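Keep in mind that this is a model prediction, so the values were computed, not measured.
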Amino acid sequence: MDARQAGELLKRPNLDNPGGYGAYNVHERIKLYFGKEYGVCVQSVLGTGTKITIRIPGGGERRRDFIER
């Protein structure tokens, strides 16, 4: 996939951006649970490969306001 397609993976699917909700939902849930600095990152170079990184905090940290709801 090219860089444009990689960037589309984490956008909410709609008529202009059709596709599945899987990667988008995972990204949004991680941000909700741990904070905006965490989530999924997709990097791709056409004909070379795609790298997907999931960033979460170590040590079982959680957003306090999320837990107390």
Side-chain angles (χ1 to χ4, degrees):
M1 86 178 64
D2 62 27
R4 182 195 60 78
Q5 291 171 313
E8 297 292 315
L9 282 177
L10 301 180
K11 291 184 180 177
R12 184 181 193 133
N14 58 42
L15 292 176
D16 296 326
N17 180 32
Y21 281 87
Y24 169 78
N25 278 342
V26 169
H27 180 59
E28 291 300 311
R29 285 176 180 259
I30 290 172
K31 289 191 316 182
L32 176 66
Y33 195 69
F34 295 112
K36 291 182 181 182
E37 62 272 18
Y38 301 101
V40 178
C41 176
V42 180
Q43 299 169 306
S44 186
V45 177
L46 187 61
T48 300
T50 301
K51 175 181 173 181
I52 299 176
T53 304
I54 299 175
R55 183 181 161 118
I56 57 175
E61 300 168 24
R62 298 183 195 173
R63 283 187 45 203
R64 191 128 193 95
D65 61 334
F66 182 82
I67 296 168
E68 294 174 354
R69 289 185 189 174

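Checked by atom type and distance alone, the side chain of Glu28 never pairs as donor or acceptor with a backbone atom of Asn25 at under 3.5 Å. For the pair Arg55 (side chain) and Glu37 (backbone), a donor-acceptor distance under 3.5 Å is present.
Taking hydrophobic clusters as Ile, Leu, Val, Met, Phe, Trp and Tyr residues chained together by side-chain heavy-atom distances below 4.5 Å, Tyr38 shares a cluster with Ile52. Following chains of ILVMFWY side-chain contacts shorter than 4.5 Å, one cannot reach Tyr24 starting from Leu10, and the two form parts of different hydrophobic clusters.
In this view, Ala6 and Met1, Val42, Ser44 satisfy the side chain to side chain contact (heavy atoms under 4.5 Å, CB included) rule, not counting sequence neighbours. With sequence neighbours left out, the side chain to side chain contact (heavy atoms under 4.5 Å, CB included) criterion links Thr53 to Cys41, Lys51.
Taking NE2 of His27 as the start and CD1 of Ile54 as the end, the distance is 11.0 Å to the nearest 0.5 Å. A distance of 11.0 Å separates CG of Leu46 from CZ of Arg4, quoted to the nearest 0.5 Å.
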